[in-house]
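Worksheet for the structure shown next.
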Amino acid sequence: MNYHTAPRQTTENQTIHPDDQTIITSQPMPGESNTLATFPDGWAECMLTGYVKKQILATPGFPHPIERTKEPMFRISQTPDRGLGMFATRGMKTGDLILDERPMMVAPVLSDPRTIVFPENFTEDQVLQAAIYEYEKTLGFCFRRMPKENQQAFMGLTNCHQRDGSGTLFGIIRTNGYEVEGLKDKNAQEPFGIYTAVWDKLSRLNHSCSPNVCRKWNTASFSMQIRAARDIEEGEELTTAYCAILNPAAKRQTDLAAYDFRCTCAACSDPSISDVKREGFSRRPVLVSPLVSKAKAKGDWLDPALKMLADMEEEGVQASLYYKATLYQLVMACVYMADKDRTLMYGRKLAAISRARGESMDATFTSGKKLKRLPQWGLYRRQAGLQVYR
Ligand SMILES: C[S@@+](CC[C@H](N)C(=O)[O-])C[C@H]1O[C@@H](n2cnc3c(N)ncnc32)[C@H](O)[C@@H]1O
């Protein structure tokens, strides 16, 4: 594989590389003399294309410092049955920041075998093995640039791909990597052209199909944040999702096979009820503006969304986008009913889950004054209603 190793000098960031050239670079660039002690937010050794490097450097605010919590929010310790895990060291509210961390390494999810020339008589299997061998070799260059502390932390992570020919570094990446949303090659064709990253601490999060944290990548700070997806008690294990949580249990187990464990969470242990509920979450009722629909009883506007919200909370799927969408629907129904107290109550929940997801929201639904300025606020006077489709 052809690649360019960029020196760790700040001036190196001025070098323009061709879009499709693979580069090994440190980002944010710490400069040659820095160590983790003198550059405490850390940096990632990255294997990426010239195109992605340009995107990173052009991100407004890059390199923004990472955000720190006032007190430590977690510890890493042994679980009874799933190796190490992260645990809350204090009670938290939805949206609270738990950790903002820069990765140790960023690399393509898969190396693209189409960029390598193999002997014509190679079988498909030989091509795959040779591509993995080449990829492992290139990852080695990335790895050797890491500070000693990170090399040790990286090699100490779990590797559940020790017997499938993955190679040690690739095996650790496959076990511990989270996709870095936002970094994508110019002509990305998944699974090629997308990126994954490995963290010292965040890679200790175990999986749950009812996760209690949301993850959010931020290119400006070149870091991933986790925040509480619901209220969390001190001592609770912090969990994230390694797969799409609204899929049926059987599909989730198939996706999790890549991590070499069977999920035994409540939803997987008794999927008959959970599967039906989760399937329904993605077909939630739709509310239509009162201007285009006939008046209905107020309960018809609110009850389906309230029932959906309660079911989602019982299933523990607050980290799903549909939870936020249901809350938004509830807030809008309360707006159309001119029910200020309930608008603000659900508005605060909506603001908290938006914070948890790392999505900004203005104060329209959390401040009585701002709410009055919302054009929809006056619409209830027109005596219409919200049509509910099921
Ligand atoms: C990213 S690591 C998570 C941290 C890991 N427990 C450790 O000790 O480093 C992923 C590995 O943790 C284990 N794991 C994660 N979630 C699990 C779960 N819900 N049940 C059983 N094992 C799990 C599996 O061995 C999986 O391959």
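The first residue in the sequence is number 1, and the count goes up from there.
- A side-chain donor-acceptor contact under 3.5 Å links Asn34 to the backbone of Pro30.
- Looking at Asn150, its side chain never comes within 3.5 Å of a backbone N or O of Pro147 through a donor-acceptor pair.
- Ser223 places no side-chain N or O within 3.5 Å of a backbone atom of Glu101 that could act as its donor or acceptor partner.
- Annotation: salt bridge (Lys or Arg N to Asp or Glu O under 4.0 Å) contacts involving residues 202-211, sequence neighbours excluded, are absent.
- We find the CZ-CG distance between Phe281 and Leu321 to be 14.0 Å, quoted to the nearest 0.5 Å.
- When atom types are taken as modelled, the side chain of Gln253 and the backbone of Arg262 share no donor-acceptor pair closer than 3.5 angstrom.
- Expressed to the nearest 0.5 Å, how far CZ of Arg82 lies from SG of Cys263 amounts to 7.0 Å.
- Here the side chain of Arg357 pairs no donor or acceptor atom with the backbone of Ala229 at under 3.5 angstrom.
- By the 6.0 Å and 45° rule, Arg348 does not stack over the aromatic ring of Tyr346.
- Summarising the geometry of Pro28 relative to Phe39, their closest heavy-atom pair is O-CE2, 4.1 Å, with the distance given to 0.1 Å.
- In this structure a side-chain-to-backbone donor-acceptor pair under 3.5 Å is missing from Asp185 to Asn187.
- For the residue pair His64 and Arg102, the shortest heavy atom distance occurs at O-NH2, 3.0 Å.
- Here the CD-OG1 distance, from Gln55 to Thr219, works out to 9.5 Å after rounding to the nearest 0.5 Å.
- Note on Val109 and Leu183: separate hydrophobic clusters, where clusters join Ile, Leu, Val, Met, Phe, Trp and Tyr whose side-chain heavy atoms are under 4.5 Å apart, directly or indirectly.
- Between Trp199 and Tyr178, the distance separating the two ring centers is shorter than 6.0 angstrom.
- With hydrogens and angles left out, the side-chain atoms of Glu179 and Thr196 include no donor and acceptor closer than 3.5 Å.
- Formation of a donor-acceptor pair under 3.5 Å by the Arg278 side chain with backbone atoms of Glu315 is found in this model.
- One finds the CE atom of Met105 at 14.0 Å from the OH atom of Tyr195 (value rounded to the nearest 0.5 Å).
- A 4.5 Å side-chain heavy-atom check between Pro103 and Val198 finds every atom pair outside the cut-off.
- Contact check for Leu36 versus Met146: no side-chain heavy atoms found under the 4.5 Å cut-off.
- Residues forming a salt bridge (Lys or Arg N to Asp or Glu O under 4.0 Å) with Glu71 (at least two apart in sequence, or on another chain): Arg90.
- The cationic atom of Arg174 (NZ for Lys, CZ for Arg) lies less than 6.0 Å from the six-membered ring centre of Phe170 and within 45° of the ring axis.
- Listed for the Tyr135 side chain is a donor-acceptor partner under 3.5 Å among the backbone atoms of Pro108.
- In this structure, Phe62 and Phe222 have perpendicular ring planes: the angle between them is above 60°, well past the 30° mark.
- Relative ring orientation between Tyr259 and Phe261 is described as tilted, the plane-to-plane angle lying within the 30° to 60° band.
- Remark: the backbone N or O of Thr239 is not paired with any side-chain donor or acceptor of Asn206 at under 3.5 angstrom.
- One hydrophobic cluster, built from ILVMFWY side chains closer than 4.5 Å, holds both Leu371 and Leu330.
- No side-chain heavy atom of Met308 sits less than 4.5 Å from a side-chain heavy atom of Gln329.
- Val52 and Leu57 fall within a single hydrophobic cluster, where Ile, Leu, Val, Met, Phe, Trp and Tyr side chains are chained together by heavy-atom contacts under 4.5 Å.
- In this structure, the side chain of Thr89 does not engage the main chain of Arg75 through any donor-acceptor pair within 3.5 Å.
- In this structure, CZ in Arg355 is found 10.5 Å from CG in Leu350, a value given to the nearest 0.5 Å.
- Atoms CG and OG1, on Leu84 and Thr158 in that order, are 7.0 Å from each other to the nearest 0.5 Å.
- Ile66 and Met73 fall into different hydrophobic clusters, where Ile, Leu, Val, Met, Phe, Trp and Tyr are joined by side-chain heavy atoms under 4.5 Å apart, directly or via other members.
- A side-chain donor from one of Asp362 and Thr364 sits under 3.5 Å from a side-chain acceptor of the other.
- A continuous path of hydrophobic side-chain contacts links Trp217 to Leu48 [ILVMFWY only; heavy atoms under 4.5 Å].
- Considering only heavy atoms from C-beta on, Ser221 stays 4.5 Å or farther from Glu67 through its side chain.
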